[in-house]
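First the proteins, then the strands, lettered A, B, ... as listed; each starts at 1.
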Amino acid sequence: MTTKRFFVAFLLVSLVLAGIVSFYASSSPDGLEKVAGDKGIAAEEKDHALGDGPLADYGVKGLDNERLSGGLSGVVGVGVTLLAGGGLFWALRRRAGAPDPS
Amino acid sequence: MPVSLAGGAIAVAGVAVALRGSRRELDERTALLAGLTAAFVFGAQMLNFPVAGGTSGHLLGGALAAILVGPWTGLLCVSVVLAVQALLFADGGLSALGVNIVLMAIVTVIVGYGVFRGLLRVLPKTRPSAVAASFAGALVSVPASAATFVLLYAVGGTADVPLGTVLSAMLGVHVLIGIGEALITAVTVSSVLAVRPDLVYGARDLARPLELRTSPVETS
């Protein structure tokens with residue numbers, strides 16, 4: 001498999017997971033949330049400072065269709081993560097021809 | 001608050017060291033691969049799977065990212081995911097970002113990648129070994145992260161809860177979640193190994209590139 005083809009496939013898998021499969025994810029509290037709730041730790045929790053953001057809690061504000069709203073927020077998240085991570089790693093990379101810093 | 005400050009300080013130090021260390025791991029190709037790995041971890045973290053009694057778990061991804069793109073870069077991948085979740089999706093408090101990076105990026109990478117490399121040192125250098133080692137590393141990384149949470153909680157928790165019950169509850173459920181983490185990690189690592197073994201950082205000494213031989217080959 002060529003590198004380009006592999007990268008495209010890897011991205012497509014991520015988009016499908018975040019955009020489509022995520023709709024079928026369990027909505028039960030995760031391990032930490034559950035224990036924190038059971039043991040009275042969560043009583044200390046506060047609302048999120050950015051809880052009113054347009055993508056808060058993995059939904060697009062104003063979109064009522066749950067499948068669409070959650071899926072779109074997942075796709076946006078994958079895109080933003082790719083740009084943020086890719087940009088950071090691109091800036092950090094060894095330049096061709098530059099000496100190996102190790 | 002002091003724990004989130006201390007967590008923040010450890011996270012900043014860890015990320016700073018990782019920023020230096022990752023330069024060794026990143027060239028043009030791996031920079032793209034690492035960006036894609038962060039995006040994959042983001043997507044996979046959305047997939048909560050049921051474990052027991054109204055509880056779910058999701059991938060943390062530290063072991064997976066470290067095996068795919070190297071420990072320093074893997075630590076940064078998960079940190080980027082956690083930052084995006086906190087800033088864009090209101091998932092994980094801003095003041096808790098440092099603690100979250102300590103628990104889900106630093107601890108999972110150290111433990112997950114440490115177990116992975118340790119096992120590969122004693123196992124035969126084959127692909128099935130690498131997949132098995134990735135399973136074990138991911139499996140152990142989740143309860144290790146949960147135990148570290150309890151440690152931080154013991155130091156700075158404000159709710160009055162007996163530590164023993166918090167520890168056993170956290171470890172119990174996170175051993176189960178670790179099995180899910182291990183399955184997702186092993187399936188992903190084995191899939192990449194099947195098509196492009198050269199792209200798996202943690203298994204690069206398994207990949208045997210074709211050798212150019214200049215010595216004559218015996219034919220008789």
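Of the residues considered (B/Gly53, B/Ala83, B/Ala34), B/Ala34 shows the highest number of contacts with chain A, using heavy-atom pairs under 4.5 Å. Per-residue heavy-atom pair counts under 4.5 Å with chain B were compared for A/Phe10, A/Phe23, A/Trp90, and the maximum is reached by A/Phe10. The candidate with the highest count of non-hydrogen atom pairs below 4.5 Å against chain B, out of A/Ala18, A/Gly51, A/Ser26, A/Gly85, is A/Ser26. Contact count versus chain A (heavy atoms, under 4.5 Å) is highest, among B/Gly172, B/Pro162, B/Ala146, B/Gly92, for B/Gly92. The most heavy-atom pairs under 4.5 Å with chain A, out of B/Glu28, B/Gln45, B/Glu25, come from B/Glu28. Comparing B/Leu94, B/Ile177, B/Thr188 by heavy-atom pairs within less than 4.5 Å of chain A, the highest count is held by B/Leu94. Looking only at heavy-atom pairs under 4.5 Å with chain A, the residue among B/Val142, B/Leu26, B/Leu47 that has the most is B/Leu26. Here A/Gly77 is the residue among A/Gly53, A/Gly77, A/Ala56, A/Ser22 with the most heavy-atom pairs under 4.5 Å with chain B. Annotation: maximal heavy-atom pairing with chain B below 4.5 Å, among A/Ala84, A/Gly19, A/Gly59, A/Gly74, occurs at A/Gly74. Ranked by heavy-atom pairs under 4.5 Å with chain A, the first of B/Val41, B/Val69, B/Val84 is B/Val84. For the set A/Leu88, A/Leu55, A/Leu17, the entry with the most heavy-atom pairs within less than 4.5 Å of chain B is A/Leu55.
When the options A/Asp30, A/Val35, A/Leu32 are evaluated for a side-chain contact (heavy atoms from CB on, under 4.5 Å) with B/Val173, the one that passes is A/Val35.
Defined by atom type and a distance below 3.5 Å, a donor-acceptor pair is present between the side-chain atoms of B/Arg196 and A/Thr3.
Here the closest heavy-atom approach between residue B/Ala31 and residue A/Arg93 is recorded as CB-CB, 4.3 Å. What you find for A/Ser14 and B/Phe40 is that their closest heavy atoms are OG-CA, 3.2 Å. The minimum heavy-atom distance between A/Leu82 and B/Leu36, with the atom names listed, is CD1-N, 3.6 Å. Counting all heavy atoms, side chain and backbone alike, B/Ala90 lies closest to A/Leu50 at CB-O, 3.7 Å. Summarising the geometry of A/Lys39 relative to B/Thr165, their closest heavy-atom pair is CE-O, 3.9 Å, with the distance given to 0.1 Å. Residues A/Pro29 and B/Gly54 share a closest heavy-atom pair of CD-O, 3.5 Å.
B/Thr55 touches chain A through backbone and side chain together, each having a heavy atom under 4.5 Å away. Neither the backbone nor the side chain of B/Arg20 comes within contact range of chain A, judged by heavy atoms closer than 4.5 Å. For a residue to count as touching a neighbouring chain, one of its non-hydrogen atoms must lie under 4.5 Å from one of that chain's; by this rule A/Leu15 does not touch chain B. Proximity to chain A involves both the backbone and the side chain of B/Thr37, based on heavy atoms less than 4.5 angstrom apart. With a 4.5 Å cut-off on non-hydrogen atoms, A/Ser73 touches chain B through its backbone and its side chain both. With a threshold of 4.5 angstrom between heavy atoms, B/Leu176 does not approach chain A through any atom at all. Interface remark: B/Leu88 contributes backbone and side-chain atoms alike to the contact with chain A (heavy atom separation under 4.5 Å). Interface residue A/Ala49: only side-chain heavy atoms are found under 4.5 Å from chain B.
Sparse packing is recorded around CZ of A/Arg5, with 12 or fewer heavy atoms of other residues, nucleotides or ligands lying under 6.0 Å away.
With B/Arg23 contributing its side chain and A/Arg94 its backbone, the two residues share no donor-acceptor pair below 3.5 Å. The backbone N or O of B/Ala38 sits nowhere less than 3.5 Å from a side-chain atom of A/Thr81 that would complete a donor-acceptor pair.
Ring-plane geometry between B/Phe42 and A/Tyr58 is classed as tilted, the angle between the planes lying from 30 to 60 degrees on a 0 to 90 degree scale.
Atom CD in A/Glu33 sits 7.0 Å away from atom OG in B/Ser56 (nearest 0.5 Å).
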From CA spacing to verdict: side chain to side chain contact (heavy atoms under 4.5 Å, CB included), B/Thr30, A/Phe89: CA-CA 8 Å; B/Thr30 48; A/Phe89 299 130; over 6 Å; no
